[in-house]
Enquirer: 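Have a look at this one.
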Amino acid sequence: MQLADKYLPETIEQKWYDFWIDNNLFHSEPDEREPYTIVIPPPNVTGMLHMGHMLNNTLQDVLVRRARMQGKNACWVPGTDHASIATEAKVVAKLKAEGIDKSSLTREEFLKHAWEWKEKHGGIILQQLRKLGASCDWERTCFTMDEARSAGVIKVFVDLFRKGRIYRGVRMVNWDPSAQTALSDEEVVYKESQGKLYYLRYQVEGSDKYIVVATTRPETILGDTALCVNPNDERYKWLADDARVIVPLVGRSIPVIRDEYVDLEFGTGALKVTPAHDVNDYMLGEKFGLEAIDIFNDNGTINDKVGMYVGMERFECRRVIEGDLAAANLLEKVEPYTNNVGFSERTGVAIEPKLSMQWFLSMEELAKPATTAVLEDIIKFVPAKYKNTYRHWMDNIKDWCISRQLWWGQRIPAYYLPKGGYVVAETAEEALALAQEKDASLTMADLRQDEDVLDTWFSSWLWPISVFDGLRYPNNPEIEYYYPTNDLVTGPDIIFFWVARMIMAGYEWRNEKPFGNVYFTGIVRDKLGRKMSKQLGNSPDPLDLIAKYGADGMRVAMLMSTSAGNDVMFDEALCEQGRNFGNKIWNAYRLINMWEVDEKLEQSEACREAIEWFDEVMTERVARIDRDMEQYRISEAFTELYRLFWDDFSGWYLEMVKPAYQQPADAKTIARTKHYFDMLLRLLHPFMPFITEEIWQDLKPEADVKSIVIARQPAADREANEQILARFTLAQEAISAIRNVRKQKNIAQKEPLTLNYIADENYPAEYAAVIEKMGNLKQIEAVTEKDSTAAAFIIKTTQYFIPMEGKIDREAELKKLAEDLTYYEGFLSSVMKKLSNERFVSSAPEKVVANERAKQADAEAKIAAIKEQMAALQ
RNA sequence: GGGAGCAUAGCUCAGCUGGUUCAGAGCAUCUGCCUUACAAGCAGAGGGUCAGGGGUUCGAAUCCCUUUGCUCCCACCA
């Protein structure tokens with residue numbers, strides 16, 4: 001095949017992806033092989049691919065492709081998440097842009113729009129993943145809201161309800177006034193915000209005295225139902241036990257209560273109590289039997305309960321009230337104040353603590369086996385530091401608010417009866433049957449299903465089970481075969497949202513872990529360390545990068561910069577490096593592809609030596625890469641391969657076996673070289689699938705294997721011969737030294753040189769042919785006499801000379817030797833210090849002491865050799 | 001407020017159970033090369049008090065204590 005002199009990824013990537021799909025190489029069915037399963041962290045159905053997905057999916061693809069090449073039945077299940085809040089918000093916005101208000105639509109009408117939107121935009125992200133080369137089993141693509149997944153969710157809800165784990169009640173929840181739904185604690189993000197601390201005057205009833213209260217939220221005075229001070233506070237001892245105060249502006253009379261909850265140090269030591277709008281106030285309210293006055297509408301505007309500021313937006317109200325308070329002389333002062341405010345993770349608006357009727361899942365029982373599994377490494381976290389985070393959260397787990405006041409999602413299967421009470425069932429028919437047990441006269445028309453849907457995570461937590469339909473059909477062959485999955489690759493930011501809950505669900509419905517290992521990636525940041533975000537505009541579009549550098553180049557960039565749990569400082573230069581590596585592989589192949597075979601040609605000695613050495617290199621590296629991969633040191637494994645290919649194979653091996661220009665090569669060497677190339681391609685394939693397939697198909701090492709995707713991963717079947725590797729290093733050092741001489745003396749590589757050496761045990765005679773070829777030497781000769789006119793160097797203890805005929809600068813040579821001498825003498829003395837230390841010799845392990853003795857001998861020999869050369873020069 | 005982690009070359013990071021010439025790699029920089037596979041390349045070079053201090057040890061980048069700086073998680077005193 002005629003090959004372009006540069007690797008052009010864009011010309012081959014689509015071709016091979018189609019080939020893989022056409023040949024069904026990513027599809028898995030249960031069989032007798034060992035399964036290897038990964039379920040994708042489902043991206044939002046309407047989402048777009050970002051750098052985080054690139055990182056995450058590159059890693060998953062590496063793992064799954066490698067497993068596939070190890071002969072396992074590899075199955076990577078893709079899918080998307082319905083992301084109820086995010087998607088509903090997008091649909092509402094889209095409708096609004098078209099002039100349609102959500103409130104003007106019925107639930108059914110709205111859902112029709114939402115499904116249309118999903119059909120149109122959903123799955124774009126999965127198409128994008130194909131560009132990256134993701135080897136997902138697309139036939140298995142799931143959606144958290146498709147029929148099977150939804151049925152599983154409903155079944156689980158009913159199951160939990162019957163087990164008594166789900167309850168309904170009025171609680172203080174995090175209210176998102178934009179999405180107009182409750183949120184779980186995990187969906188609230190706290191951020192430091194610049195606010196103000198307002199000091200308000202509450203007049204004591206029947207007196208002209210005031211109590212000053214500090215608050216960050218003056219608008220909530222509308223809901224005040226008490227004022228609280230610490231019973232130990234000397235400042236308020238004068239207050240009568242049954243004292244009452246007047247709420248500023250509102251004029252309502254409220255009691256003064258006393259509770260040690262109040263911090264004496266904060267503000268004035270007096271606290272206004274608004275049970276409907278603050279978690280702590282709510283608890284005080286419960287304790288003292290206070291009324292809770294909810295002053296907000298669901299959208300965050302003031303309601304008509306109090307009859308003031310009605311319809312005003314909450315922050316607007318705060319500004320207006322500040323003015324009114326000041327005008328009424330009820331505002332003592334205002335100070336700037338920084339505090340933490342909770343914001344909705346999805347819509348970004350400030351959360352309103354609000355009392356409302358919601359569904360909750362009791363978590364304590366679920367958490368028990370899930371905690372044990374991680375602490376005892378039944379499920380292994382990589383890196384392990386996240387075990388602590390996990391344990392802390394699990395030990396303090398709180399009940400999960402699972403209802404959302406949205407339409408996009410699985411509707412809660414609770415059915416209310418006309419005379420109060422409700423039943424929970426998987427279908428309306430079953431619900432009716434249950435209802436009729438209570439009242440035989442009820443008909444379907446009497447039942448009213450709960451309006452709320454379930455939290456998205458209430459479907460995501462079932463993902464490893466639900467993708468195999470293991471909830472509806474717990475004994476089906478697929479779930480039995482693929483479950484538990486092997487590895488989960490995800491970000492630590494969703495450890496509570498998702499990872500912990502999947503573990504709980506796994507034990508609850510399978511009585512088994514959902515996955516064996518969790519690999520936590522870091523966050524992708526820009527090179528300044530900032531998190532990539534749309535707002536900052538610092539996130540490149542991954543598809544642009546793929547177009548520019550190729551998918552393999554992009555993958556390499558991700559692989560080079562990641563280690564488990566650490567953030568990725570992304571720099572486009574890494575993509576370039578990845579592309580360059582692809583080009584390097586390409587050109588190495590061009591080289592061997594261009595060789596002519598001469599069947600009659602004998603293998604040269606240099607080739608034989610090179611092969612003897614490279615066999616050991618491959619053996620050693622394959623073992624090292626295996627070790628790294630077993631420990632999920634994926635970046636290290638790749639770096640190892642990168643250096644193996646670039647330095648050892650291209651830089652050394654190919655240069656050693658390369659025939660002279662337009663000369664043929666012998667068949668034996670070509671065969672061996674192609675064998676190495678084949679091995680390297682297979683090792684590289686999980687990391688760089690496209691270029692390896694392109695070349696492998698041309699190389700065709702195995703006629704009966706149709707793709708490298710299903711070729712076998714090389715395995716280390718023996719120990720590498722350390723002796724050969726060490727001896728060869730001596731030859732490499734000699735070659736480097738010759739190159740140095742050339743550089744210093746300004747001698748072109750083309751000009752052949754003579755190399756003389758004084759033979760000793762450190763002269764690698766068995767690799768002389770390699771030294772000759774790589775050094776471009778016309779001859780190598782053993783001598784006994786030092787040559788003061790030659791350029792000289794010492795490798796270990798062997799003295800080498802390159803005759804120079806007067807080109808030698810004696811002074812410079814002597815100076816360099818003197819520097820070497822100083823270094824080695826210093827080194828020797830540090831070794832001797834250790835060896836003469838009685839305590840070192842007696843307490844250090846035998847091996848270490850022996851090593852020091854060897855260092856001593858080497859250093860002494862080296863020093864002797866340097867001295868001899870210096871003497872010869874004088 | 002509680003907890004975890006990090007600090008090694010200009011940058012990004014390796015350095016695994018303390019022990020080789022241990023102070024490394026890649027990128028960047030500098031020097032010399034368009035040498036017929038590759039200038040997206042080749043051959044070289046410079047560059048670090050392993051954050052500061054103390055300790056344990058025959059021996060510390062590595063273990064312990066401490067100071068400083070940064071990051072993250074949890075909690076949420078109005």
Enquirer: Among the nucleotides B:C76, B:C42, B:A39, which one has an atom lying closest to any side-chain atom of A:Lys398?
Expert: B:C76

Enquirer: Is the shortest side-chain N to carboxylate O distance from A:Arg621 to A:Asp648 below 4.0 Å?
Expert: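 Between A:Asp648 and A:Arg621 there is a salt bridge, with a charged N closer than 4.0 Å to a carboxylate O.
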
Enquirer: Considering only atom C1', compute the distance from B:U20 to B:A60 and round it to an integer number of Å.
Expert: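 Between the two C1' atoms, the distance is 16 Å.
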
Enquirer: Heavy atoms under 4.0 Å, any strand shown: does A:Trp595 hit a base, just sugar-phosphate, or nothing?
Expert: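 A:Trp595: no heavy atom of the nucleic acid under 4.0 Å.
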
Enquirer: Within the 4.0 Å heavy-atom criterion, would you say A:Lys6 contacts the bases, only the backbone, or no part of the nucleic acid?
Expert: base

Enquirer: For B:C58 versus B:C16, give the span between their P atoms, rounded off to a whole number of Å.
Expert: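 Nearest-Å result for B:C58 against B:C16 at atom P: 23 Å.
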
Enquirer: Please verify the inter-ring angle class for A:Phe496 with A:Trp393; under 30° counts as parallel, over 60° as perpendicular, anything in between as tilted.
Expert: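 Geometry flag for A:Trp393 against A:Phe496: parallel rings.
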
Enquirer: Report the distance from atom CG of A:Asp571 to atom P of B:C13, rounded to the nearest whole Å.
Expert: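 About 11 Å, once rounded to whole Å.
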
Enquirer: Examine B:C73: is either OP1 or OP2 under 4.0 Å from a nitrogen or oxygen in the side chain of A:Tyr390? Give yes or no.
Expert: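 The answer is no; no side-chain N or O of A:Tyr390 sits under 4.0 Å from OP1 or OP2.
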
Enquirer: Do any side-chain nitrogens or oxygens of A:Lys584 fall under 4.0 Å of OP1 or OP2 in B:C42?
Expert: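 For B:C42, OP1 or OP2 has a side-chain N or O of A:Lys584 closer than 4.0 Å.
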
Enquirer: Applying a 4.0 Å non-hydrogen cut-off, can you work out what A:Ala588 is touching in the nucleic acid: base, sugar-phosphate, or nothing?
Expert: base

Enquirer: Rounded to whole Å, how long is the line connecting atom OH of A:Tyr653 with atom P of B:C38?
Expert: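 So the two atoms are 19 Å apart, to the nearest Å.
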
Enquirer: Return the CD to CZ distance between A:Glu636 and A:Arg627, rounded to the nearest 0.5 Å.
Expert: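 Going from CD on A:Glu636 over to CZ on A:Arg627, the span is 12.0 Å.
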
Enquirer: Please tell me which of the listed nucleotides, B:C42, B:A78, B:A45, lies nearest to the side chain of A:Thr216?
Expert: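 So the nucleotide nearest the side chain must be B:A78.
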
Enquirer: Which part of the nucleic acid does A:Glu265 contact within heavy-atom distance under 4.0 Å: base, sugar-phosphate only, or nothing?
Expert: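 Counting heavy atoms under 4.0 Å across all strands, no contact is made by A:Glu265.
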
Enquirer: Nearest nucleotide by nearest heavy atom, which residue falls closer to the 5' end of RNA chain B, A:Tyr7 or A:Asp647?
Expert: A:Asp647

Enquirer: How close or far is atom P of B:G15 from atom CD of A:Glu640, stated in whole angstroms?
Expert: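 In whole Å, B:G15 P and A:Glu640 CD are 13 Å from each other.
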
Enquirer: Between C1' on B:U35 and CD on A:Gln663, what's the gap in Å once rounded to a whole number?
Expert: 16 Å

Enquirer: Considering the options A:Glu10, A:Glu572, A:Arg555, A:Glu576, which one meets the side chain to side chain donor-acceptor pair (under 3.5 Å) requirement together with A:Tyr549?
Expert: A:Glu572

Enquirer: If the plane angle is over 60° it's perpendicular, under 30° parallel, otherwise tilted; pick one for A:Phe649 and A:Phe677.
Expert: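 A:Phe649 vs A:Phe677 ring planes: perpendicular.
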
Enquirer: Specify whether A:Phe687 and A:Phe638 have parallel, tilted or perpendicular ring planes, treating 30° as the upper limit for parallel and 60° as the lower limit for perpendicular.
Expert: tilted

Enquirer: Between B:A25 and B:G48, how far is it from one P atom to the other, in whole Å?
Expert: 14 Å

Enquirer: What's the verdict on salt bridge (Lys or Arg N to Asp or Glu O under 4.0 Å) for A:Glu186 and A:Arg501, showing C-alpha distance, side-chain angles and the deciding distance?
Expert: CA-CA 12 Å; A:Glu186 287 68 38; A:Arg501 288 171 182 162; 2.9 Å; yes

Enquirer: Scan A:Phe570 against the nucleic acid and name what it touches under 4.0 Å (heavy atoms): base, sugar-phosphate only, or nothing.
Expert: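 Answer is nothing: A:Phe570 stays at 4.0 Å or more from every strand.
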
Enquirer: Nearest whole Å is fine: how far is B:A40 P from A:Asp5 CG?
Expert: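 It works out to 11 Å between those atoms.
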
Enquirer: Which dot-bracket string describes RNA chain B (Watson-Crick N1-N3 plus N6-O4 or O6-N4, or G-U N1-O2 and O6-N3, all under 3.5 Å; [ ] crossing; | other strand)?
Expert: (((((((..((((.....[....)))).(((((.......))))).....(((((..]....))))))))))))....

Enquirer: With a 3.5 Å cut-off and heavy atoms only, can you find an N or O donor on one side and an acceptor on the other between the side chain of A:Glu655 and the base of B:A37?
Expert: yes

Enquirer: Kindly determine whether A:Tyr386 and A:Phe381 satisfy ring-ring contact (aromatic ring centres under 6.0 Å, His included), including the steps that lead there.
Expert: CA-CA 7 Å; A:Tyr386 289 111; A:Phe381 278 11; 7.6 Å; no

Enquirer: Can you check whether any acceptor in the base of B:C76 is under 3.5 Å from a donor in the side chain of A:Asn340, or vice versa?
Expert: yes

Enquirer: When you look at CD of A:Glu596, are more than 12 heavy atoms from neighbouring residues, nucleotides or ligands closer to it than 6.0 Å?
Expert: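 Atom CD in A:Glu596 is not packed in, count stays at 12 or less.
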
Enquirer: Applying a 4.0 Å non-hydrogen cut-off, can you work out what A:Val262 is touching in the nucleic acid: base, sugar-phosphate, or nothing?
Expert: base

Enquirer: Has A:Lys773 got a side-chain atom pairing as donor or acceptor with A:Lys658's backbone, closer than 3.5 angstrom?
Expert: yes

Enquirer: Considering only B:A37, B:A14, B:U36, which nucleotide approaches the side chain of A:Met594 most closely?
Expert: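 Taking heavy atoms from C-beta onward, the closest nucleotide is B:A37.
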
Enquirer: Rounded to whole Å, please give me the gap between CD in A:Gln749 and P in B:U36.
Expert: 12 Å

Enquirer: For B:C16 and A:Arg624 - does any side-chain N or O of the residue sit under 4.0 Å from the phosphate oxygens OP1/OP2?
Expert: no

Enquirer: If you count every heavy atom of other residues, nucleotides or ligands that lies below 6.0 Å from A:Lys380 atom NZ, does the total exceed 12?
Expert: no

Enquirer: Quantified in whole Å, what is the P atom distance between nucleotide B:A51 and nucleotide B:A61?
Expert: 10 Å

Enquirer: Check every strand shown and say whether A:Arg739 touches a base, only sugar-phosphate, or nothing at a heavy-atom separation below 4.0 Å.
Expert: sugar-phosphate

Enquirer: How would you label the contact of A:Phe520 with the nucleic acid (heavy atoms, under 4.0 Å): base, sugar-phosphate, or nothing?
Expert: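 It contacts nothing in the nucleic acid.
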
Enquirer: Can you figure out which of B:C74, B:U31, B:A37 approaches the side chain of A:Ser650 most closely?
Expert: B:A37

Enquirer: Roughly how far apart, to the nearest Å, are B:U17 and B:U62 at atom P?
Expert: 14 Å

Enquirer: Write down the distance separating the C1' atoms in B:G24 and B:A9, rounded off to the nearest Å.
Expert: 10 Å

Enquirer: Would you measure the distance from the C1' atom in B:C65 across to the matching atom in B:G46 and give it in whole Å?
Expert: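 Approximately 38 Å lies between the C1' atom of B:C65 and that of B:G46.
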
Enquirer: Taking any heavy-atom pair under 4.0 Å as a contact, classify A:Arg643: base, sugar-phosphate, or nothing.
Expert: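 Sugar-phosphate, no base atom in range.
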
Enquirer: Whether A:Thr639 contacts B:A14 is assessed here as follows: a side-chain N or O lying under 4.0 Å from the phosphate OP1 or OP2. Is that the case?
Expert: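 So the side chain of A:Thr639 is outside the cut-off, no N or O lying under 4.0 Å from OP1 or OP2 of B:A14.
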
Enquirer: Taking for each residue the nucleotide of RNA chain B with the nearest heavy atom, is it A:Tyr261 or A:Ala859 whose nucleotide lies nearer the 5' end?
Expert: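 Final value for this comparison: A:Ala859.
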
Enquirer: Tell me what A:Thr274 touches on the nucleic acid: a base, only sugar-phosphate, or nothing, going by heavy atoms under 4.0 Å.
Expert: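 No contact.
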
Enquirer: Can you confirm if the NZ or CZ of A:Arg739 lies within 45° of the ring axis of A:Trp652 and under 6.0 Å from the centre of its six-membered ring?
Expert: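 Positive - A:Arg739 is close enough to the ring of A:Trp652 and near enough to its axis.
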
Enquirer: In whole angstroms, how far is the C1' atom of B:U20 from the NZ atom of A:Lys862?
Expert: 15 Å

Enquirer: In whole angstrom, give me the gap between the C1' atoms of B:G69 and B:G52.
Expert: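 Per the computed distance, 11 Å lies between those C1' atoms.
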
Enquirer: Distance check needed: B:A25 C1' versus A:Phe645 CZ, whole Å only.
Expert: 19 Å

Enquirer: Surrounding CG of A:Asn396 (heavy atoms of other residues, nucleotides or ligands, distance under 6.0 Å), is the total greater than 12?
Expert: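 Above 12, so yes.
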
Enquirer: How is A:Asn583 classified with respect to the nucleic acid when contacts are heavy atoms under 4.0 Å: base, sugar-phosphate, or nothing?
Expert: base

Enquirer: Can you tell which of B:A78, B:U35, B:G41 lies closest to the side chain of A:Trp646?
Expert: B:G41

Enquirer: Taking only nitrogen or oxygen atoms into account, show me every contact under 3.5 Å that the protein makes with nucleotides 57-62 of chain B, one pair per line with its distance.
Expert:
| from | atom 1 | to | atom 2 | distance (Å) |
| --- | --- | --- | --- | --- |
| B:C58 | OP1 | A:Arg839 | NH2 | 2.3 |
| B:C58 | OP2 | A:Arg839 | NH2 | 2.8 |
| B:C58 | O2' | A:Asn837 | ND2 | 2.9 |

